[in-house]
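Below you'll find the structure, written out as structure tokens, and then a few comments.
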Number of protein chains: 2
Amino acid sequence: MTKVLVVDDEPQIVRALRINLAARGYDVSTAASGQEALRVAATEHPDVVVLDLGLPDIDGAKVIEGLRGWTSVPIIVLSARTDSGDKVSALDAGADDYVTKPFGMDELLARLRAAVRRASTVPAGEEAVVETQAFTVDLAAKKVIRDGAEVHLTPTEWGVLELLVRNRGKLVAQKQLLQEVWGPSYASETHYLRVYLAQLRRKLEPRPSRPRHLLTEAGMGYRFEP
Amino acid sequence: MTKVLVVDDEPQIVRALRINLAARGYDVSTAASGQEALRVAATEHPDVVVLDLGLPDIDGAKVIEGLRGWTSVPIIVLSARTDSGDKVSALDAGADDYVTKPFGMDELLARLRAAVRRASTVPAGEEAVVETQAFTVDLAAKKVIRDGAEVHLTPTEWGVLELLVRNRGKLVAQKQLLQEVWGPSYASETHYLRVYLAQLRRKLEPRPSRPRHLLTEAGMGYRFEP
DNA sequence: CGCACGTGTGAAGAAGTCGTCAACGCGCCA
DNA sequence: TGGCGCGTTGACGACTTCTTCACACGTGCG
């Protein structure tokens, strides 16, 4: 769930935002001052911050700087001031977007979605590594390691293995494998599966004739067991 | 230098933006229609796009979708319409920001800086210099050193090498290489890759016929292994 | 026991992909 | 205008991958 930190000293705005955001499935935390905002951001690690500039204690730009000192979380600034100087300084301090009050909730939500989308498509460096006793599959790098050495797979071999690993523990029907790897018109070429599962076992299983990870479910399909 | 693509059909706006942006050291290209915008974006690879929604040919949202099909370049939308529905649909189509006309140049420039900053600090966790036994790639300086001397690469050679090095260890699909280096319409010109990989190997690998760093995965793509 | 069925295995030809060399065309600059 | 650098194309041999085939295996059932 996406976590939003709302920072504003006006209770009615906090309330309105909380209700709207919660209704759309966001996990909302709030802060009423700059000090509190910095503290809550540090403990909660929100995915996006909505920050009002007119806070009672610290200047808004200082809050932005305080956050930017250690995080690159998207910051959307709210402000009653339409003065372009304010916008420029907030954006240059590290804010991602600037919305002037009074604002439309639709627009704010759209800008929030845009900010979250940007931030989430960025760190594509997800760990997509699945290990077994015999070998390791790296889905992102499209690599298989066995006994410290990389095992070379052909495109079709990789297609079959990837589908099984992505559904690890689950039975994958023969028809599904054939359709997703070879295409919709190959749904009944079950022989291909036998050939390619044999090849994968030969390359990956310690004892290909007694597979421990690439298992057959007779008449139904195959299963990858980590 | 940061490259900006300005898309607008009103010459006076294009002119004003070009002057202001050029004065601040941006490299400006322009397009007066949606078709032209997509074509120029594919050839120029701008670092940020400023897009007017009221274009004569294609609907603005279609232009955003067309760009988002192959690139995540920041898009700042300009529009005369203050209607929140327009803002929401543009942002949800993949725009990064939305500025209503008439706009202050200061504010637009600040939003542009914010968009570029976000996009460039994205690959922050990466080391800009990558070394192999045979050569050294400096991503920031766009330089390659081999045996103490700089190796000259053509723009296309560099484009291919950079993408591979940024994804070091990972398999990069042929389609991705072609789309990001040559443009979205070259997705199936696999022959180019063979020619350019051969050239890179000739320049960088100690034994071009037995590459150790620029590896081929037949039928899938290429991989840079440090 | 013998048969049917789905499965595993190895090998061989067909099909597709890759590396390489060389030529062409275009824009740029002297 | 001529030369140069660069991107694009074509041809062809070498190599990899896909497809197909023949046959062995094992389990369940009549």
Side-chain angles (χ1 to χ4, degrees), chain A residues 142 144 150-162 164 171-175 177-183 185-223, chain B residues 42-45 142 144 150-164 171-175 177-183 185-224:
Chain A
K142 288 207 193 318
V144 182
E150 185 175 341
V151 180
H152 179 78
L153 297 186
T154 73
T156 308
E157 287 165 2
W158 177 260
V160 172
L161 181 64
E162 182 175 14
L164 290 173
L171 174 77
V172 182
Q174 298 186 342
K175 201 172 142 187
L177 272 163
L178 286 163
Q179 291 193 145
E180 297 203 16
V181 177
W182 277 268
S185 57
Y186 291 73
S188 52
E189 302 282 350
T190 59
H191 190 87
Y192 288 7
L193 288 177
R194 291 201 274 289
V195 173
Y196 277 91
L197 263 294
Q199 280 174 3
L200 282 172
R201 285 172 180 147
R202 185 142 31 86
K203 289 184 176 182
L204 301 178
E205 294 273 6
R207 285 227 301 290
S209 54
R210 292 260 179 307
R212 299 181 54 186
H213 304 109
L214 298 167
L215 310 177
T216 302
E217 304 274 341
M220 312 192 45
Y222 293 86
R223 179 202 309 277
Chain B
T43 55
E44 296 279 321
H45 296 276
K142 289 203 191 301
V144 182
E150 183 175 346
V151 180
H152 174 76
L153 297 185
T154 72
T156 308
E157 286 166 0
W158 175 259
V160 172
L161 181 64
E162 180 176 17
L163 190 55
L164 289 172
L171 179 88
V172 183
Q174 301 182 343
K175 201 172 140 187
L177 272 162
L178 288 163
Q179 291 195 150
E180 298 204 14
V181 177
W182 278 267
S185 58
Y186 291 74
S188 51
E189 302 283 347
T190 59
H191 191 90
Y192 290 7
L193 289 177
R194 292 203 279 286
V195 173
Y196 276 89
L197 263 293
Q199 281 172 202
L200 283 171
R201 284 173 180 145
R202 188 142 29 85
K203 289 184 177 182
L204 301 178
E205 293 273 5
R207 285 228 301 289
S209 55
R210 290 254 141 45
R212 299 183 54 187
H213 306 294
L214 298 168
L215 310 177
T216 302
E217 302 274 343
M220 302 203 281
Y222 293 86
R223 184 197 308 274
F224 169 76

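Residue numbering restarts at 1 for every chain, and letters A, B, ... go by the order of the sequence lines.
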What does W182(A) touch in the nucleic acid at a heavy-atom separation under 4.0 angstrom: a base, only the sugar-phosphate, or nothing? sugar-phosphate
V144(B) side chain near L204(B) side chain, heavy-atom distance below 4.5 Å: yes
Could you tell me the separation between the CG atom of L200(A) and the P atom of dG10(C), rounded to a whole number of Å? 14 Å
For the pair made of CZ in R207(A) and C1' in dG8(C), what is the distance, rounded to whole Å? 16 Å
Each nucleotide of nucleotides 14-30 of chain C classed B (base within 4.0 Å of a protein heavy atom), S (only sugar-phosphate) or -, in 5' to 3' order, makes ---SBBB----------
Sequence neighbours excluded, the answer for side-chain contact (heavy atoms from CB on, under 4.5 Å) partners of E162(B) is L139(B), K142(B), W158(B), R166(B)
Between the axis at one end of the helix from dC1(C)-dG30(D) to dA30(C)-dT1(D) and the axis at the other (five pairs apiece), what's the angle to 10 degrees? 10°
Would you mind reporting whether L171(B) and L215(B) have side-chain heavy atoms less than 4.5 Å apart? no
Could you list the residues that satisfy side-chain contact (heavy atoms from CB on, under 4.5 Å) with Y192(B), not counting sequence neighbours? L178(B), W182(B), Y186(B), E189(B)
Rounded to the nearest angstrom, tell me the gap between atom CZ in R223(A) and atom P in dT7(C). 15 Å
Keeping to residues at least two apart or across chains, list the salt bridge (Lys or Arg N to Asp or Glu O under 4.0 Å) pairs with something in residues 193-205 of chain A. E157(A)-K203(A)
So which pairs with a foot in residues 200-222 of chain B pass ring-ring contact (aromatic ring centres under 6.0 Å, His included), sequence neighbours left out? F135(B)-H213(B)
Can you name the ring-ring contact (aromatic ring centres under 6.0 Å, His included) partners of H45(B), sequence neighbours left out? W70(B)
side-chain contact (heavy atoms from CB on, under 4.5 Å) with A173(A): which residues, sequence neighbours excluded? Q176(A)
Could you list the residues that satisfy side-chain hydrogen bond (donor to acceptor under 3.5 Å, both in side chains) with E217(A), not counting sequence neighbours? R223(A)
For H152(B) and Y192(B), take the nucleotide of DNA chain D holding the closest heavy atom to each; which residue's nucleotide lies nearer the 5' end? H152(B)
Residues that Q174(B) engages under side-chain contact (heavy atoms from CB on, under 4.5 Å), provided they are two or more places apart: T190(B), L193(B)
If you define the side chain from C-beta out and look only at heavy atoms, does anything of T216(A) sit under 4.5 Å from L197(A)? no
Going 5' to 3' on DNA chain D, which nucleotide is the first and which the last to come under 4.0 Å of a heavy atom in chain A? dT17(D) to dA22(D)
